[in-house]
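The sequence lines fix the lettering, A, B, ..., with proteins before strands; numbering per chain opens at 1. Just the heavy atoms: all of them, side chains too, but no hydrogens, waters or symmetry mates, feed the values below.
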2 protein chains.
Amino acid sequence: MSYRTLTEQEAVEYARKIPNLFPQDARLVSREIGDGNLNFVFHIKDERPSGKSIIFKQALPYVRVIGDSWPLTLDRARIESEALILENELCPGSVPRVYHYDTDLALIVMEDLSDYEIMRKGLVERKRYPNFAKQIGTFLARTLFLTSDLAMSPLEKKRKAASFTNPELCNITENFVFTYPFLDDPSNAYNPLITNTVQRIWSNDELKLEVARLKERFMTLGQALLHGDLHTGSIMVTEQDTKVIDPEFAYYGPMGFDIGAVIANLLLNYAAHEGHTPDPQEREAYQAYLLETVSEVWRVFETEFRTLWEEQAQEPYAKTPGYLDAYLLDVLKDAAGYAGCKMMRRVIGLAHVPDLESIADPALRAKGETLALCIGQELVLQRGTLSGIDDVIKLIAASAVQN
Amino acid sequence: MSYRTLTEQEAVEYARKIPNLFPQDARLVSREIGDGNLNFVFHIKDERPSGKSIIFKQALPYVRVIGDSWPLTLDRARIESEALILENELCPGSVPRVYHYDTDLALIVMEDLSDYEIMRKGLVERKRYPNFAKQIGTFLARTLFLTSDLAMSPLEKKRKAASFTNPELCNITENFVFTYPFLDDPSNAYNPLITNTVQRIWSNDELKLEVARLKERFMTLGQALLHGDLHTGSIMVTEQDTKVIDPEFAYYGPMGFDIGAVIANLLLNYAAHEGHTPDPQEREAYQAYLLETVSEVWRVFETEFRTLWEEQAQEPYAKTPGYLDAYLLDVLKDAAGYAGCKMMRRVIGLAHVPDLESIADPALRAKGETLALCIGQELVLQRGTLSGIDDVIKLIAASAVQN
């Protein structure tokens with residue numbers, strides 16, 4: 001079958017033919033629940049007592065959000081399905097299970113996570129997730145370490161890196177994260193009340209040099225298989241559990257990029273509560289929780305990574321004194337730098353975050369946005385001076401006071 | 001036709017069938033001139049007045065030099081032919097012309113360079129090549145800059161990097177350049193007279209940490225399409241001209257690796273004259289010429305690279321103040337580090353260089369080898385402190401005195 005977009009009815013018929021998914025007598029209903037910008041997402045459920053449900057995710061051959069006529073490779077569905085399968089092997093239960101993949105239709109049939117909610121939404125509502133840091137830190141350590149040269153045969157790693165070559169999706173990041181937000185590009189969209197701050201960023205050559213270096217590392221440094229877009233909208237949570245979804249941007253890149261994405265989105269939420277939460281006690285308590293989470297995500301990552309290194313490293317130099325410490329410090333510096341870039345782009349660039357966008361009053365929103373830009377700049381400019389996660393937390397606290 | 005090794009007679013018959021290569025009435029004779037370790041190399045010549053000659057290079061499916069039964073991918077012939085064609089486009093005349101490539105036979109038919117000699121041989125005889133630095137510096141700048149994200153579409157660059165994925169050949173470098181020489185591996189082979197120096201290297205954790213970091217960059221940093229094995233045995237010269245041959249190790253790696261290979265092999269020759277050339281005036285004059293050549297190779301590379309950057313960079317950040325300087329300084333530090341690793345491996349590891357091996361007296365040879373190890377260590381350990389090529393030259397001069 002050659003590619004065509006499925007209707008809801010066709011999705012139901014397709015689902016019925018997949019072996020061992022639904023009982024013979026299932027009465028399947030389907031509804032489209034995606035935002036339709038990049039993909040169709042169908043929720044297909046058995047209305048009879050089995051109650052079983054699954055998700056169909058079908059890639060569209062263009063990007064509706066960016067421009068009517070921007071074509072986008074369907075190969076991203078292959079990459080997403082292969083990344084999900086691999087992530088589940090490396091860190092069982094951390095991602096939705098893939099039941100079936102159809103190359104021609106660019107279609108992934110996977111586990112339904114209707115019991116979970118998008119983490120970003122929960123954070124806006126000041127919810128807390130006691131297992132999140134442990135679960136995401138473990139996910140990061142396992143997926144990054146175990147796909148790197150530290151753990152894999154260098155022969156197999158290079159073949160895997162080639163098979164996860166993902167030029168079109170990487171190019172979206174190169175442009176919309178690292179380039180357009182830092183120059184006066186027509187794609188940018190920012191609150192007019194922060195114009196002065198944005199213009200100071202555009203004329204800050206020191207900052208732009210550092211962003212250029214981080215972009216260069218993103219484009220050249222194939223350390224590990226990244227998720228590639230690990231913001232809190234790609235994380236689904238319950239009070240107890242965490243699932244990572246949507247790895248269509250997966251490729252071999254610098255480990256710090258994924259960790260930085262998690263940190264950036266926790267800190268964007270932190271900044272948003274400047275506008276969202278008028279009660280200072282409530283605000284400070286939740287912001288303290290977010291900083292504690294940033295810190296714990298890193299600590300869990302570091303602890304797990306050290307254990308994996310000590311127990312499973314294949315690299316003959318792994319036991320060389322100082323190597324592990326130096327490696328982790330570089331990852332931390334990258335994570336801080338990438339977090340900074342991602343915070344700034346979500347304020348200045350095309351794609352904003354609901355954390356800030358949901359603040360109705362532009363003046364209150366500007367307060368949060370300015371704080372996000374301030375933290376973002378500090379993370380990029382000061383990353384070379386960091387010696388541990390505590391330095392990151394201090395730097396954020398100092399930005400908040402300064403703001 | 002499926003793969004089989006050609007006999008000399010079959011090579012002649014094959015050559016006759018390639019269109020527009022030899023006249024109809026050509027009387028072709030063939031002789032095998034390769035060392036037979038990795039490849040068959042046939043020289044095929046028309047004995048009639050056309051006098052035309054060509055080279056057949058056919059890859060063998062194993063490495064005879066390392067072990068009777070080490071299989072080695074024939075895909076390296078595709079990589080070599082594609083690299084030669086690309087290098088000729090980017091830097092016309094810098095490599096032998098490719099007339100024909102046969103995938104099934106892993107066979108490259110190319111320009112005969114019988115008028116040229118292997119540069120290493122000339123250097124042992126203290127010959128001078130007045131155009132070499134200019135020509136190799138230009139080759140390095142053009143092939144490295146023009147295959148990088150600085151000059152290429154990032155989409156096309158990633159596709160090219162994937163097509164030059166070269167795991168088996170890279171693995172030879174990872175093992176025999178970066179790993180085995182720095183631990184007591186059975187593949188090592190060194191002059192017993194330098195045992196103490198070698199053991200000091202093996203127990204120098206600071207040095208090993210730096211070698212580990214350089215190895216890591218070799219394995220992860222896809223900056224540009226490298227030659228991958230650019231020693232003076234892969235360079236053919238006349239008094240006027242320079243040709244680069246044998247890019248079967250080509251892959252996307254750190255630019256400094258190719259530049260470091262050229263520097264390392266000039267410096268191995270420099271060290272070898274400690275043993276080769278008893279007359280101090282002759283020795284010092286030739287060593288000064290070699291240092292001047294190291295310096296000029298870098299200066300030409302840098303000048304050409306700066307011009308290309310200013311005139312042809314596609315990267316939007318290229319005009320950011322400080323970026324070009326910072327980029328070049330990182331390349332210089334890498335070049336120094338890789339030069340250091342390569343010098344040490346040629347003394348301690350499996351594959352030695354004729355520059356040193358041709359010194360018959362083990363005590364005299366040890367003198368050269370010790371100097372090579374001393375310079376190699378300094379280049380690796382001090383590379384972070386370098387601010388220009390003059391610092392490299394000072395560091396070498398200091399090693400020579402210290403030695």
Comparing B/R217, B/E168, B/E216 against chain A, the one with the most heavy-atom pairs below 4.5 Å turns out to be B/E216

Give the member of B/R159, B/M219, B/R213 that has the highest number of heavy-atom pairs under 4.5 Å with chain A.
-> B/R213

Over 12 non-hydrogen atoms of neighbours within 6.0 angstrom of CD in A/Q312 | yes

Pick one of side chain, backbone, both or neither for B/D205, based on which atoms fall under 4.5 Å of a heavy atom in chain A.
-> both

Side chain / backbone / both / neither for B/Q223 at chain A, heavy atoms under 4.5 Å = both

Largest heavy-atom contact set with chain B, pairs under 4.5 Å, which of A/A212, A/S153, A/A162 | A/A212

Going by residue number, which parts of residues 313-328 of chain B are within reach of chain A, meaning a heavy-atom gap below 4.5 Å?
-> B/E315, B/P316, B/Y317, B/T320, B/P321, B/G322, B/Y323, B/A326, B/Y327

Portion of A/T165 that has a non-hydrogen atom of chain B nearer than 4.5 angstrom | side chain

Could you grab the distance from atom NZ of B/K158 to atom CG of A/N171, nearest 0.5 Å is fine?
-> 6.5 Å

Distance (rounded to the nearest 0.5 Å) between B/T220 OG1 and A/K157 NZ = 6.0 Å

Does any non-hydrogen side-chain atom of B/E174 lie less than 4.5 Å from one of A/L155?
-> no

